[in-house]
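Below is one structure, written out as structure tokens; the observations come after it.
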Amino acid sequence: MPGDDDLEPVLRDLVFGRLGQTRAKVANSPETRAFLEIGLDLLRDDLVQHTGPDFETGLRSKLFESISRERILQRAAAADEGRRDKRLLTVNMFRYRWERKDRYTEDLISYMFRLTPQRSHLDDMHAASDRLIREVSYAELVRTVADAEVRAVLADPLVVVQTIVQNAMPNHPRVREFCRVHLDHVLPRWAQLYEKVTAAYGFRLRPAYTWLDIAVMFNAVTEGELVWARTTGRPELSTGDHVLAGVVLALTPALFENVPADLETCYAVAK
């Protein structure tokens with residue numbers, strides 16, 4: 001499916017050595033995507049649900065060892081039982097795409113860290129904010145968007161697997177590249193969202209800061225709440241707010257000018 005989720009530039013070890021036209025066609029075939037999605041499913045089972053093999057030597061050294069071609073084909077066959085539109089994934093299809101296990105593993109990591117899901121999520125957050133700006137106070141918008149962001153990330157099993165792989169393999173080239181792209185492309189989109197929202201309520205960014213500063217700070221708070229939420233549940237501040245919303249509301253007067261004393265009754269300048 002070329003376009004927004006074009007896998008040709010993502011999968012660098014697929015049909016290794018073939019011409020670009022062949023690589024593009026194979027990369028965006030349903031079979032390739034199915035092989036990779038099954039690999040992610042197995043990783044979720046093994047690393048998150050703990051239903052896969054246990055490794056005596058630890059997670060770091062054995063992270064992808066359980067993801068074998070045989071298990072992938074077994075999972076594909078089990079998923080096809082009772083389906084009319086059977087995918088019929090075969091061992092020859094797999095070998096044509098990845099003649100070695102390590103090449104599949106590298107492409108699985110690349111697929112796991114592709115930016116398309118995050119871009120889609122950001123599109124949803126921008127659309128939700130556009131709607132809320134016309135309807136609610138600044139404080140209510142912050143609480144609603146912050147809660148939606150944390151809930152969405154906690155409910156996304158892909159993010160959990162990404163976090164495990166990032167922590168286990170921080171120096172892997174694909175992981176490092178993802179972190180760089182996140183800084184260069186994802187955080188600026190969050191910065192655009194913060195700029196749009198605060199401008200709608202009549203706030204001005206203080207000269208000491210940039211919009212990327214705002215995105216980096218709020219992202220760090222988000223990551224901190226997520227770590228806490230995954231282990232002990234989402235904590236609440238004495239104000240009754242969850243951490244991300246509480247921090248954003250508390251920092252708003254320090255980061256922006258023209259902020260009224262009561263954010264609960266602060267509505268958009270032009271509805």
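The six-membered or imidazole ring of Y209 lies away from that of F256, with a centre-to-centre distance of 6.0 Å or more. The ring of Y267 has its center no closer than 6.0 angstrom to the ring center of Y201.
A donor-acceptor pair under 3.5 Å links the side-chain atoms of N167 to the main chain of T163, judged by distance alone. Although no hydrogens or angles enter the test, the distance criterion places no donor-acceptor pair under 3.5 Å between the side chain of T22 and the main chain of R18. Counting only distance, with no hydrogens or angles, the side chain of D123 and the backbone of S120 share no donor-acceptor pair below 3.5 Å. Panel note: side chain E236, backbone D241; no donor-acceptor pair is recorded below 3.5 Å. The backbone N or O of V26 lies less than 3.5 Å from a partner atom in the side chain of T32, making a donor-acceptor pair. Judged by distance alone, with hydrogens and angles left aside, the side-chain atoms of Q162 form a donor-acceptor pair with the main-chain N or O of M112 at under 3.5 Å. Judged by distance alone, the side chain of K196 and the main-chain N or O of S129 form no donor-acceptor pair under 3.5 Å. Side-chain N or O atoms of D107 include one that pairs as donor or acceptor with a backbone N or O of L14 at under 3.5 Å. Using a distance-only test at 3.5 Å, with no hydrogens or angles considered, a donor-acceptor pair links the side chain of H126 to the main chain of R189.
If you chain together hydrophobic residues whose side chains sit under 4.5 Å apart, V227 and V221 never meet in one group. No continuous path of ILVMFWY side-chain contacts below 4.5 Å connects L237 to W228, so the two sit in separate hydrophobic clusters. Both V181 and V161 are members of a single hydrophobic cluster when ILVMFWY side chains are connected at heavy-atom separations under 4.5 Å.
Using a cutoff of 4.0 Å between basic side-chain nitrogens and carboxylate oxygens, R12 and E106 are not scored as salt-bridged. R174 and D13 are joined by a salt bridge, as a carboxylate oxygen and a charged side-chain nitrogen come within less than 4.0 angstrom of each other. With salt bridges taken as basic N to acidic carboxylate O contacts below 4.0 Å, one links R71 and D46. The pair R131-E135 meets the salt-bridge criterion, since a charged nitrogen lies less than 4.0 angstrom from a carboxylate oxygen. Taking a cutoff of 4.0 Å between a charged side-chain nitrogen and a carboxylate oxygen, R204 and E195 do not qualify as a salt bridge. Looking at D45 and R75, a side-chain N of the basic residue comes within less than 4.0 Å of a carboxylate O on the acidic one, giving a salt bridge. The existence of a salt bridge linking D147 and R234 is confirmed by a sub-4.0 Å separation between a basic side-chain nitrogen and an acidic carboxylate oxygen.
Relative orientation of the Y104 and W98 rings is perpendicular, given thresholds of 30° and 60° on the angle between their planes. Between Y194 and F218, the angle of the ring planes goes over 60°, which puts this pair in the perpendicular group of the 30/60° scheme.
Summarising the geometry, atom CG belonging to L141 is positioned 5.0 Å from atom CG belonging to L132; distances are rounded to the nearest 0.5 Å. Expressed to the nearest 0.5 Å, how far CG of L42 lies from CG of L47 amounts to 10.0 Å. Taken to the nearest 0.5 Å, the CD1 atom of I67 stands 7.0 Å off from the NZ atom of K101.
Side-chain atoms of Y111 and E37 form a donor-acceptor pair, as typed in the model, at a separation below 3.5 Å. Using a 3.5 Å distance cut-off with no hydrogens or angles, the side chains of T210 and D213 do pair a donor with an acceptor. A donor and an acceptor atom, one from each side chain of T252 and Y138, are located under 3.5 Å apart.
Around the CZ atom of R230, the shell of radius 6.0 Å holds more than 12 heavy atoms that belong to other residues, nucleotides or ligands. Heavy atoms of other residues, nucleotides or ligands lying less than 6.0 angstrom from CD of Q21 number 12 at most. Under a cut-off of 6.0 angstrom, the local environment of CZ in R206 is crowded, with over 12 non-hydrogen atoms contributed by other residues, nucleotides or ligands.
Nearest heavy atom pair, residue C179 against residue Q166, reads SG-NE2, 3.4 Å. Nearest heavy atom pair, residue L73 against residue L89, reads CD2-O, 3.7 Å. Residues S29 and R97 approach most closely at OG-NH2, 3.1 Å, considering heavy atoms. Scanning all heavy atoms of the two residues, the minimum distance from I109 to F64 falls at CG1-CZ, 3.6 Å. Shown here for E257 and P207, the closest heavy-atom pair between the two residues is OE2-CD, 3.7 Å. Closest approach of N28 to L7, counting heavy atoms only: OD1-N, 3.0 Å.
Contact annotation: the side chain of P260 approaches that of F203 to within less than 4.5 Å [non-hydrogen atoms, C-beta and beyond]. Residues L40 and L158 are in side-chain contact: their nearest non-hydrogen atoms beyond the backbone lie under 4.5 Å apart. Within the 4.5 Å cutoff, no side-chain heavy atoms of L115 are placed close to those of H182. Within the 4.5 Å cutoff, side-chain heavy atoms of I164 are placed close to those of L63.
Geometric assessment of R103 against the ring of F16 yields a positive cation-pi assignment under the 6.0 Å and 45° thresholds.
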Go through the steps for L122 and R119 under the test side chain to side chain contact (heavy atoms under 4.5 Å, CB included), then give the verdict.
CA-CA 5 Å; L122 274 165; R119 291 192 180 112; 5.7 Å; no

